[in-house]
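Down below is the structure, laid out as structure tokens.
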Amino acid sequence: MILHQLPDDHIMATTHPDHPDAWRSEQVSSLLDRLVMAGQRIIVALGDATYLLSENMTLRKVQVRIEEVA
């Protein structure tokens with residue numbers, strides 16, 4: 001699991017294709033849950049799909065567009 005800070009203050013959580021449920025492990029989900037409860041917006045990338053992580057570790061599918069900043 002890799003966490004990336006995005007330019008718009010979101011955090012992108014990316015999993016390895018061989019371990020797509022890594023974000024659900026106890027240690028990682030605990031960290032992500034604390035971040036969400038503190039108001040941080042977390043986007044989880046699972047394969048080609050992206051989801052917004054909400055309280056109680058629920059996912060809502062979203063489209064993410066990342067623009068290069070000069």
Side-chain angles (χ1 to χ4, degrees):
M1 174 119 257
I2 299 173
L3 300 178
H4 313 267
Q5 181 70 49
L6 300 178
D8 61 0
D9 292 330
H10 286 69
I11 291 177
M12 173 75 74
T14 307
T15 61
H16 189 279
D18 291 342
H19 305 282
D21 289 333
W23 68 278
R24 291 188 181 271
S25 75
E26 185 177 337
Q27 293 170 330
V28 175
S29 66
S30 176
L31 169 64
L32 294 176
D33 191 49
R34 285 194 310 263
L35 289 170
V36 168
M37 295 304 286
Q40 181 66 57
R41 295 183 60 134
I42 309 286
I43 296 173
V44 179
L46 301 173
D48 292 336
T50 52
Y51 302 87
L52 182 63
L53 184 64
S54 300
E55 293 179 17
N56 301 320
M57 300 303 288
T58 57
L59 297 176
R60 188 179 82 223
K61 193 168 187 175
V62 294
Q63 276 192 318
V64 174
R65 188 180 86 205
I66 299 174
E67 296 180 13
E68 200 171 313
V69 178

Spell out, as yes or no, whether a donor-acceptor pair under 3.5 Å connects the side chain of Gln63 to the backbone of Thr50.
-> no
How far apart are the closest heavy atoms of Met1 and Ala22, and which atoms are they?
-> SD-C, 4.4 Å
If you round to the nearest 0.5 Å, how far is CG of Asp33 from CE of Met57?
-> 6.0 Å
Should the heavy atoms of other residues, nucleotides or ligands under 6.0 Å from CD of Glu26 be counted, would the total exceed 12?
-> no
To the nearest 0.5 angstrom, please state how far the CG atom of Leu52 sits from the OG1 atom of Thr58.
-> 8.5 Å
Does Ser30 use its side chain to pair, donor to acceptor, with the backbone of Gln27 at less than 3.5 Å?
-> no
hydrophobic_cluster_shared for Val36 and Leu3, side chain cutoff 4.5 Å | yes
Nearest 0.5 Å, what's the CG-CE distance between Leu32 and Met37?
-> 13.5 Å
Applying the side chain to side chain contact (heavy atoms under 4.5 Å, CB included) test to Trp23, which of Leu31, Leu53, Ile42, Thr14 qualifies?
-> Leu53
Asp48 atom CG, neighbour heavy-atom count above 12 within 6.0 Å = no
Identify the two heavy atoms, one from His10 and one from Arg41, that lie closest to each other, and give their separation to 0.1 Å.
-> NE2-NE, 3.1 Å
Joint hydrophobic cluster, Val62 plus Met12, side-chain heavy atoms closer than 4.5 Å | yes
